[in-house]
Amino acid sequence: EVQLVESGGGLVQPGGSLRLSCAASGFTFDDPAIGWFRQAPGKEREGVSCISSRDGSTYYADSVKGRFTISRDNAKNTVYLQMDSLKPEDTAVYYCAAEKTTSDSIFWKGWYFGSWGQGTQVTVSS
């Protein structure tokens, strides 16, 4: 069974940085694409960034481009999201997701993301 566990969230001031981690188990990290999504109160879950397993290509939402960086360590089965220059509008629960086609998958950047972690809260506030 696929398991994704996020960590690294917290409270940070505007302009600050956080690094989120997603530790995966139950599948070979070489296979799927891995993505980060976020959901703010009252809003739909939205894609933030993802990384391809085939060639390591990375993709970002326009709202985070230039501020966030996704990376992966296949040896550790872990994906990271480095978040710099954080803004109050980045406040949300951040979810790690693996490629999987299900009835409630989210389609983003060419992949269906259907395996989800439990989420980690990121709050940007002074």
Give a yes or no answer on whether the side chain of Tyr60 reaches the backbone of Ile70 with a donor-acceptor pair at less than 3.5 Å. yes
If only side-chain N and O atoms count, and only distance matters, is there a donor-acceptor pair under 3.5 Å linking Tyr80 with Arg19? no
Check: Ser7 main-chain N/O paired with Thr120 side-chain donor or acceptor under 3.5 Å: no
Only pairs under 3.5 Å count here: list side-chain donor-acceptor contacts from residues 107-115, not counting sequence neighbours, and write none if there are none.
none

Cut-off 3.5 Å, side chains only: do Ser17 and Asp84 have a donor facing an acceptor? yes
Do other residues, nucleotides or ligands put more than 12 heavy atoms under 6.0 Å from Glu44 CD? no
Looking at every heavy atom in both Val12 and Leu18, which two are closest together, and how far apart are they? CG1-CD1, 4.0 Å
Donor-acceptor check, side chain of Gln118 to backbone of Glu6, threshold 3.5 angstrom: yes or no? yes
Checking Ser49 side chain against Tyr59 main chain: does a donor-acceptor pair fall under 3.5 Å? yes
With sequence neighbours left out, write down each residue that passes salt bridge (Lys or Arg N to Asp or Glu O under 4.0 Å) with Lys43, or none if nothing qualifies. none
Sub-4.5 Å side-chain heavy-atom contact between Phe68 and Asp90: yes
For Cys50, disulfide bond (SG atoms under 2.5 Å apart) partners two or more places apart: none
Under the 3.5 angstrom rule, does the side chain of Asn74 hit a backbone N or O of Asn77 as a donor-acceptor pair? no
